[in-house]
2 protein chains.
Amino acid sequence: MPDARTQVLDAAEDLFYGRGIQSVGVDEVRAAAGVSLKRLYQLFPGKDALVREFLHRRDERWRRRLAEFVAQRDSSEEQVLAVFDWLHTWFSEPGYRGCAFINSFGELGAVSPSVVSEVRAHKVALRDYLGGLVAAAGRGPELADHLLLLVEGAIVTSAVLGDPAAATQARTVAAALLVRPE
Amino acid sequence: MPDARTQVLDAAEDLFYGRGIQSVGVDEVRAAAGVSLKRLYQLFPGKDALVREFLHRRDERWRRRLAEFVAQRDSSEEQVLAVFDWLHTWFSEPGYRGCAFINSFGELGAVSPSVVSEVRAHKVALRDYLGGLVAAAGRGPELADHLLLLVEGAIVTSAVLGDPAAATQARTVAAALLVRPE
DNA sequence: GGTAGCCGAGAACGCTCGTTCTCACCGTTC
DNA sequence: GAACGGTGAGAACGAGCGTTCTCGGCTACC
């Protein structure tokens, strides 16, 4: 049995990701976590803090899973392409609803600076991670920028159209960029 | 002096795009439009209808402006690249906050089917438009899919990072895809 | 000029939500 | 055994929101 804090965060992640942050009330998170309201407010000073923690934890887990998947490939070129294979399995998961960070940015980017900084940190970390992959393949950081565009584009397109095919399309473009330096 | 309906829609677009839909109350739209609440509810049966109209009108205007800009170029290849030039000027506008449709999808995609269909229609229309451009350049619809990924990726990345550079990066990739069939 | 309909301004209503307070209950400690 | 600190369940509070209602005034028409 996990501790109350992770129970709350698990419930918050399910609900915030699945329905949006403003559409989910604190009491619903409390009920899903099986925790009293008093305890929840002991663990988190307010909904804002809960949202920040939700984003922070999701960032770490998301990037860890991606990195673990990619690290299984041998060559550095294969590792770059594996990013898009992983995206395809993610897009195919039931309940996939795009990127929690892009969604949160669209919802709260104009009213919550802490959300903005969390989203920005996530995207910067992803770009840096891609930068490491392409550097290992002997390529410069411009390629990481280009791959980031493809990743973000695939995430958004697959979510809106409800079709994971964007991942394989992005992989095709990435492969073309890989074989031939521009 | 425009009629009350367009005044309301103009105000709604400013506010909904700038701050998010759920963060803006009907009364704030009413005040910005300089219209009585009674009149607003005569024109639109409720906030949902106002949101739908906001998205619908923004879709038409956005795609018209893009098409007008692109049509000024002569060759079909230049027209494809002009898409990204136009994106760059859009990203540089003050108050740029990403794509209203992506933002609305993130905010309400899980709770409002009408928003989902509006967002999906917008992206499909954009893909079809790109399909027309690449067909004129003698290329197949796969290139339109790839360009769509670049466009969406540039929109999201520039919004989150607050930097229009993603447009020129996407343009570079698009140029590489254009010169050489994969 | 009077009356009837319409309109703007804003109060009111009902609901939701984030947060705090109340209170009964339980385990621990002197 | 009694006082006590902490807990869970949920009521309460205050604010905000979408929507509707009220009322006073203006306009148009006979």
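Every chain is numbered from 1 and lettered A, B, ... according to where its sequence line falls, protein lines coming before strand lines. Given the structure is predicted, the values throughout are model-derived calculations rather than measurements.
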List the steps and the verdict of salt bridge (charged side-chain N to carboxylate O under 4.0 Å, His left out) for A/Asp10 and A/Arg57.
-> CA-CA 10 Å; A/Asp10 286 346; A/Arg57 202 182 64 143; 2.8 Å; yes

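Under the 4.0 Å criterion applied to side-chain N and carboxylate O atoms, B/Glu68 and B/Arg64 are assigned as salt-bridge partners. Taking the charged nitrogens against the carboxylate oxygens, B/Arg63 and B/Asp59 do have a contact shorter than 4.0 Å, which makes a salt bridge.
Residue contacts for B/Val24: at a heavy-atom cut-off of 4.0 Å it reaches the sugar-phosphate backbone alone, with no base atom in range.
Here D/dC17 presents its C1' atom at 13 Å from CG of B/Asp48, a figure rounded to the nearest Å. Computed from coordinates, the A/Asp27 CG to C/dT16 P distance equals 12 Å when rounded to whole Å. Following rounding to the nearest Å, B/Glu28 (CD) and D/dG18 (C1') show an atom-to-atom distance of 14 Å. Rounded to whole Å, the distance from CZ on B/Arg19 to P on D/dG16 is 13 Å. Rounded to whole Å, atom P of D/dC17 lies 12 Å from atom OH of B/Tyr41. Rounding to whole angstrom units, CG of residue B/Leu40 and P of D/dT20 are separated by 12 Å.
Looking only at side-chain heavy atoms (C-beta outward), B/His88 and B/Ser92 come within less than 4.5 Å of each other. Side-chain contact between A/Asn103 and A/Phe16 is absent, with no heavy atoms from C-beta onward closer than 4.5 Å.
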Between N or O atoms, less than 3.5 Å apart, protein on one side and nucleotides 5-12 of chain D on the other: list the pairs.
residue, atom, partner, partner atom, Å
D/dT7, OP2, A/Gln42, NE2, 3.1
D/dG8, OP2, A/Ser36, OG, 3.2
D/dG8, O6, A/Lys38, NZ, 3.1

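With a 6.0 Å cutoff to the six-membered ring centre and a 45° limit on the axis angle, A/Arg58 does not count as a cation-pi contact of A/Phe101.
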